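The next block holds one structure in the form of structure tokens; read it before the comments.
Naming: A, B, ... by sequence-line order, numbering from 1 per chain. In this text, all values refer to a predicted model and were calculated from it rather than measured experimentally.
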Number of protein chains: 2
Amino acid sequence: MPPPASPPTFRPLYGQIRALIERALDAGEWAPGQAIPSEQDLAIRFGVSQGTVRKAIQALAGDNLVVRRQGKGTFVATHTEETASNFRFLRIRRNDGRAEYPRSRLIDLARARASAEIARLLSLKTGDPIFLLRRVLEYGGSPAVLDRIALPAALFRGLTRERCAAHAGSMYGFFETEFGVRMLRADERLHAVAADADSAALLNVAAGAPLLAVDRVAYTYADRPVEVRRGLCATRREHYWNTLT
Amino acid sequence: MPPPASPPTFRPLYGQIRALIERALDAGEWAPGQAIPSEQDLAIRFGVSQGTVRKAIQALAGDNLVVRRQGKGTFVATHTEETASNFRFLRIRRNDGRAEYPRSRLIDLARARASAEIARLLSLKTGDPIFLLRRVLEYGGSPAVLDRIALPAALFRGLTRERCAAHAGSMYGFFETEFGVRMLRADERLHAVAADADSAALLNVAAGAPLLAVDRVAYTYADRPVEVRRGLCATRREHYWNTLT
DNA sequence: CAGTGGTCTAGACCACATC
DNA sequence: ATGTGGTCTAGACCACTGG
């Protein structure tokens, strides 16, 4: 008979170093977009070899928590760059293949209290204060996506319609810069639904038209959930893309 | 003035080794599910160090072309295992979270000629012979997905309704075992559409009901396209899931 | 027990960016 | 010239598997 399933206590050194660096990132020791110390410096700091630090950093880079640039250094990942990292989590593209980032238009912003469902997804208690905001993404002036976004009020103190509307780029860049909330990962579930009258008007489609509903929960460090959103996408000129491996 | 943009000719050694191993995989030197030679053996064969072979193999493992198992060896990836690898490319899950693999039911199978669109996607010429098949995926006896699948006839000689219906598991396991065609990667584009009468009947929904349309092109080694399919999913009890990083 | 992949280290050198 | 990350090597040892 086999032994009674001894716990898998083994944890490689580079995994522990990775956790230490990740904790430092979470604590804000280095700002988004800024360089973290060199491999050599971190090796001295943690008392391990450079190769072990390298494996730790490469694991972090694999999860997009940092970005490595040969000859320059390793940088804390950010949503605020001019490049594709700005819209890292945007899976909506134009059908014709034209590379174009959408324009965001705020519809409304309100304080509210978390429903049981929202509370569960955000690890809050039912009735905890949240923000609810709606916005539309437009491609070439035409509305394509209507997002309803729920945020824990505790993490977004001072969020106002004005500050929100003033920001041109991506939502997550805004969250990162203004509130220090960094989105690292998100889970999505997609359904096909019929447009209700309200959404249909905002998306400029007929009521009842088929829409792509994208339900997302976004997480920051240590898998703490910090956003729940539902996006409704009119897939006339746009689509949701994905690659399977 | 800077030099006129010399071509980036640098290619790391482990990348070249990776390409050599990949070519051997493509040539069928080792069968799916079987072990490839050990790192040490491959290092001798290619005249490089074990560490370089390791990096090459880890790159292949990262793309799911092989699977590494500590203490056992490195194995050619397969779609025919009892585990999750059987339905590696299936992104449809039940809403209630119950882990359940669907049952596949063949609707029909026909020879046809590639349309311009299909030919383009499969790198064929318009009019080249293809197979067109339709099947339904059922969860707990209820139809959830209707797939229309186009395959180049040249790669699937001898495909018949009987052989197709006889196979219980995943489509790609069937393709791998019976025709030696290994699906390695796929691109998907999702739209929301209204159900036509035919699809609605097969999916047991009302005509005009919103459906999730999943358009997929699947590739084998060297990015050769070998399948085009459109899946129509009634997302009542199921959804399409994705993780963003 | 032997064989496999996994970890850790140390050193040398390469490619890239900046000064 | 210097400092960064990237590659390549060599060797030692660890964790896991199966005979």
Inset, instruction - Could you list the residues that satisfy ring pair (Phe, Tyr, Trp, His ring centres under 6.0 Å) with A/Phe156, not counting sequence neighbours? - result: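 Checked A/Phe156 against ring pair (Phe, Tyr, Trp, His ring centres under 6.0 Å); matches are A/Phe175, A/Phe179.
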Legend entry - Those residues that, when tested against B/Phe89, pass ring pair (Phe, Tyr, Trp, His ring centres under 6.0 Å) (two or more places apart):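 Listed in chain order: B/His79, B/Tyr172.
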Inset, instruction - Name all residues meeting the salt bridge (charged side-chain N to carboxylate O under 4.0 Å, His left out) criterion together with B/Glu227; count only those two or more places apart in sequence or in a different chain, and write none if there are none. - result: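 Result, salt bridge (charged side-chain N to carboxylate O under 4.0 Å, His left out) vs B/Glu227: B/Arg229.
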Legend entry - Contact list for residues 55-67 of chain B, test side-chain hydrogen bond (donor to acceptor under 3.5 Å, both in side chains), sequence neighbours left out: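 Listed by first then second residue: B/Arg18-B/Asp63.
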Inset, instruction - Go through the structure and list residues passing side-chain hydrogen bond (donor to acceptor under 3.5 Å, both in side chains) with A/Thr235, not counting sequence neighbours. - result: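 Expected list: none.
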Legend entry - Rounded distance (Å) that lies between atom C1' of C/dT4 and atom CD1 of B/Ile44: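 Going from CD1 in B/Ile44 over to C1' in C/dT4 covers 14 Å.
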Inset, instruction - Encode nucleotides 5-14 of chain D as B, S and - characters from 5' to 3', where the letter depends on protein heavy atoms closer than 4.0 Å: B to the base, S only to sugar-phosphate, - to neither. - result: BBBSSS----
